[in-house]
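Working notes, beginning with the structure itself.
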Protein chains: 2
Amino acid sequence: MEKAPFLTVDSVIFSFDESALKLLLVKRAIDPFNDQWSLPGGMVAGAKGNTLEAIARDKLMIKSGVDVDYIEQVFTTGNDQRDPRGWSVSVVYSALIPYQAAHHNADWVADAAWFKVDELASMRLAFDHQDIIQVALERLRQKSLYSIVAGYALPAPFTLSQLQHIHEVILGKPIQAKSFRRRIEQADLLEPAGEIQLDRGRPAALFRMKPAARKYTFVRNLDG
Amino acid sequence: MEKAPFLTVDSVIFSFDESALKLLLVKRAIDPFNDQWSLPGGMVAGAKGNTLEAIARDKLMIKSGVDVDYIEQVFTTGNDQRDPRGWSVSVVYSALIPYQAAHHNADWVADAAWFKVDELASMRLAFDHQDIIQVALERLRQKSLYSIVAGYALPAPFTLSQLQHIHEVILGKPIQAKSFRRRIEQADLLEPAGEIQLDRGRPAALFRMKPAARKYTFVRNLDG
DNA sequence: TATATTTAATGTCTATAGGTCAATTATGTC
DNA sequence: GACATAATTGACCTATAGACATTAAATATA
């Protein structure tokens with residue numbers, strides 16, 4: 001490659017709604033891939049922020065109206081095939097946000113929409129964004145076996161059943177409630193936040209993520 | 001940031017020699033940080049290769065005479081502080097290579113040398129390479145709790161005792177031989193490769209990494 | 001040749017943490 | 001008050017790592 005490659009920051013933003021894992025995409029308004037759905041993000045050159053993560057956050061705020069709490073770097077993809085214009089590099093971030101907070105804002109941004117990850121698999125997205133999403137998804141699945149960061153995709157406070165449910169959706173398989181609760185309690189990852197009465201059944205205790213939950217990893221994986 | 005940032009690929013190359021974890025550094029011959037030790041790597045612009053990883057491998061081959069087998073992306077650092085010239089981004093790779101193969105080659109490359117990771121902690125390195133190394137090290141330590149990729153830093157074939165030893169050095173604590181062997185055997189990660197008689201004691205069986213060992217992760221961590 | 005020494009390899013028991021699933025608790029409904 | 005529905009917990013089972021003693025296979029030495 002001769003010149004410096006294009007450098008972009010793209011984010012895979014996960015959320016949880018109607019028992020489904022969803023992901024925020026924006027419709028491109030310029031070539032290449034004009035009019036196709038793509039990951040929110042953009043060029044690093046000219047962006048605002050002192051670090052890559054700050055730039056990623058800023059772009060999400062500006063372009064998608066999303067103020068992200070939990071965000072982490074997934075990986076960086078770069079080659080001479082992913083952009084028809086030539087060499088390009090994308091630093092990929094993954095974020096988890098409560099659907100509610102995001103929903104309203106996503107409305108006032110033109111051409112931003114949430115897609116269920118299942119439906120999404122068959123869509124043709126811009127660049128190699130489909131591949132990127134698969135990597136981010138796999139990472140999220142792995143992580144859900146030994147952490148509870150998925151909880152950042154729920155509006156706080158939430159019940160343990162809700163927290164378990166999002167894990168089950170991400171993993172695509174049921175989890176033993178007892179195992180799930182036991183390890184969380186032992187690791188002291190959640191903070192009590194009252195209780196709530198759902199439509200039916202026994203009222204459930206409410207919790208918020210404790211700061212420790214952001215980094216905590218269990219020494220054993222759940223059945224995967 | 002206005003213009004596109006500098007984009008580089010840097011590699012943290014680990015190896016194992018004299019019971020110590022070592023790491024390959026090269027002395028810079030240009031500003032900034034002229035004459036200071038730094039991670040092998042360089043600018044992506046103008047480099048040879050169709051992917052970031054290919055470029056990383058090529059730079060190691062050309063500049064350090066090292067042909068890497070095991071290499072993986074660690075993370076990407078980017079901000080306006082790490083390079084005095086302004087915004088710069090570095091995609092960081094981590095590689096594990098047998099010391100023997102590496103040693104000779106490192107000789108015919110000017111100003112490349114191996115450093116024990118312990119000694120290295122007090123050195124002043126170029127850019128934020130000291131920080132990068134710490135991240136790569138931490139990643140390697142984590143990984144050594146649930147995989148045996150550290151074996152790629154040994155010349156094949158190797159004994160189980162040697163494989164255990166490098167893990168102990170990386171983790172900085174002893175490992176139960178029984179636990180270590182049991183899980184490896186059960187996961188069928190190694191291929192028998194004869195046996196060897198060391199200076200003293202019972203001869204040891206020799207093994208090589210099976211392909212599966214590259215990606216395999218145990219469901220449970222060793223004591224960390 | 002027998003014994004001590006050294007390192008490799010294994011047997012066995014214990015401890016820990018998740019898996020299973022039944023039982024209990026707390027509400028709302030009929 | 002009996003039933004339905006969820007949440008939560010109790011009790012036992014299982015899998016896998018930790019501890020540590022024991023056995024195995026070689027060399028060195030008396």
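In what follows, every chain begins at residue 1, and chains take the letters A, B, ... in the order their sequences are listed.
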Practice task
Please step through salt bridge (charged side-chain N to carboxylate O under 4.0 Å, His left out) for the pair B/Glu119 and B/Lys22, ending with a clear verdict.
Solution key: CA-CA 9 Å; B/Glu119 302 174 347; B/Lys22 297 186 178 179; over 6 Å; no
Handout entry: Along DNA chain C (nearest heavy atom to each residue), the more 5'-positioned of A/Asp199 and A/Phe180
Key = A/Phe180
Practice task
Let me know, please, whether B/Ala205 or A/Arg200 comes out on the 5' side of the other along DNA chain C by nearest nucleotide.
Solution key: B/Ala205
Handout entry: Over 12 foreign heavy atoms within 6.0 Å of CD, B/Glu185
Key = no
Problem - Residue A/Glu195 excluded, over 12 heavy atoms near CD under 6.0 Å - result: yes
Practice task
Would you give the length of the straight line joining atom CE of B/Met209 to atom CG of B/Leu163, rounded to the nearest 0.5 angstrom?
Solution key: 7.0 Å
What's the [atom1]-[atom2] distance between [X] and [N], to the nearest Å?
| X | N | atom1 | atom2 | answer |
| --- | --- | --- | --- | --- |
| B/Phe158 | C/dA8 | CZ | P | 14 Å |
| B/Asp223 | C/dA17 | CG | C1' | 13 Å |
| A/His167 | C/dG18 | NE2 | P | 13 Å |
| B/His165 | C/dA8 | NE2 | C1' | 15 Å |
| A/Gln162 | D/dA6 | CD | C1' | 12 Å |
| A/Glu168 | D/dA7 | CD | C1' | 14 Å |
| B/Ile184 | D/dG18 | CD1 | C1' | 16 Å |
| B/Leu163 | C/dA9 | CG | P | 12 Å |

Practice task
Please assess A/Ser38 against A/Arg28 for the test side-chain hydrogen bond (donor to acceptor under 3.5 Å, both in side chains), listing each intermediate value before the final yes or no.
Solution key: CA-CA 7 Å; A/Ser38 68; A/Arg28 285 179 63 82; 4.9 Å; no
Taking only nitrogen or oxygen atoms into account, show me every contact under 3.5 Å that the protein makes with nucleotides 1-5 of chain C, one pair per line with its distance.
none

Check this one for me: any side-chain N or O of [X] less than 4.0 Å away from OP1 or OP2 of [N]?
| X | N | result |
| --- | --- | --- |
| A/Arg183 | C/dA17 | no |
| A/Ser161 | D/dA6 | no |
| A/Gln186 | C/dA17 | yes |
| A/Gln176 | C/dT20 | yes |

Report each atom pair, protein N/O against N/O of nucleotides 9-12 of chain D, whose distance is under 3.5 angstrom.
from: D/dG10; atom 1: N7; to: A/Lys178; atom 2: NZ; distance (Å): 3.0

Exercise for the section: For B/Arg183, enumerate each residue passing the salt bridge (Lys or Arg N to Asp or Glu O under 4.0 Å) test, keeping only those at least two apart in sequence or located in another chain. Expected result: none
Fill in the blank from the handout: With sequence neighbours left out, the residues meeting salt bridge (Lys or Arg N to Asp or Glu O under 4.0 Å) with A/Lys210 are A/Asp188
Would you list the atom pairs, donor with acceptor, under 3.5 Å between side chains in residues 129-141 of chain A and any protein atom, with sequence neighbours excluded?
from: A/His129; atom 1: ND1; to: A/Leu39; atom 2: N; distance (Å): 2.9
from: A/Gln130; atom 1: OE1; to: A/Gln134; atom 2: NE2; distance (Å): 3.1
from: A/Gln130; atom 1: NE2; to: A/Leu120; atom 2: O; distance (Å): 3.2
from: A/Gln130; atom 1: NE2; to: A/Met123; atom 2: O; distance (Å): 2.9
from: A/Arg139; atom 1: NH1; to: A/Val74; atom 2: O; distance (Å): 3.3
from: A/Arg139; atom 1: NH2; to: A/Val74; atom 2: O; distance (Å): 3.0
from: A/Arg141; atom 1: NE; to: A/Ile170; atom 2: O; distance (Å): 2.9

Contact class for [X] (heavy atom, under 4.0 Å): base, sugar-phosphate, or nothing?
| X | value |
| --- | --- |
| A/Gln164 | nothing |
| A/Leu222 | sugar-phosphate |
| A/Gln197 | sugar-phosphate |

Exercise for the section: Sort out for me which residue in A/Tyr152, A/Phe14, A/Tyr93 forms a ring-ring contact (aromatic ring centres under 6.0 Å, His included) with A/Tyr70. Expected result: A/Tyr152
Practice task
Can you figure out which of C/dT20, D/dT5, D/dG18 approaches the side chain of A/Ser179 most closely?
Solution key: C/dT20
Exercise for the section: Check step by step if salt bridge (charged side-chain N to carboxylate O under 4.0 Å, His left out) holds for B/Asp69 and B/Arg214. Expected result: CA-CA 11 Å; B/Asp69 174 15; B/Arg214 193 175 289 262; 2.8 Å; yes
Handout entry: CA sep, side-chain torsions, deciding dist, call: B/Trp114, B/Ile13, side-chain contact (heavy atoms from CB on, under 4.5 Å)
Key = CA-CA 9 Å; B/Trp114 291 94; B/Ile13 307 181; 4.1 Å; yes
Exercise for the section: Check if the side chain of B/Arg220 and the base of D/dT16 share a donor-acceptor pair of N or O atoms closer than 3.5 Å. Expected result: yes
Practice task
Could you check A/Ala204 against B/Ile175 and say which one's nearest nucleotide on DNA chain D is further toward the 5' end?
Solution key: A/Ala204
Exercise for the section: Evaluate the ring planes of B/Trp37 and B/Phe115, with Trp represented by its six-membered ring, and classify them as parallel (under 30°), tilted (30 to 60°) or perpendicular (over 60°). Expected result: perpendicular
Handout entry: B/Asp111/B/Lys27 under salt bridge (charged side-chain N to carboxylate O under 4.0 Å, His left out): CA gap, chis, key distance, verdict
Key = CA-CA 5 Å; B/Asp111 293 322; B/Lys27 185 171 276 189; 5.2 Å; no
Exercise for the section: Quantify the bending of the helix from C/dT1-D/dA30 to C/dC30-D/dG1 as the angle between its end axes, each fitted on five pairs, to 10°. Expected result: 20°
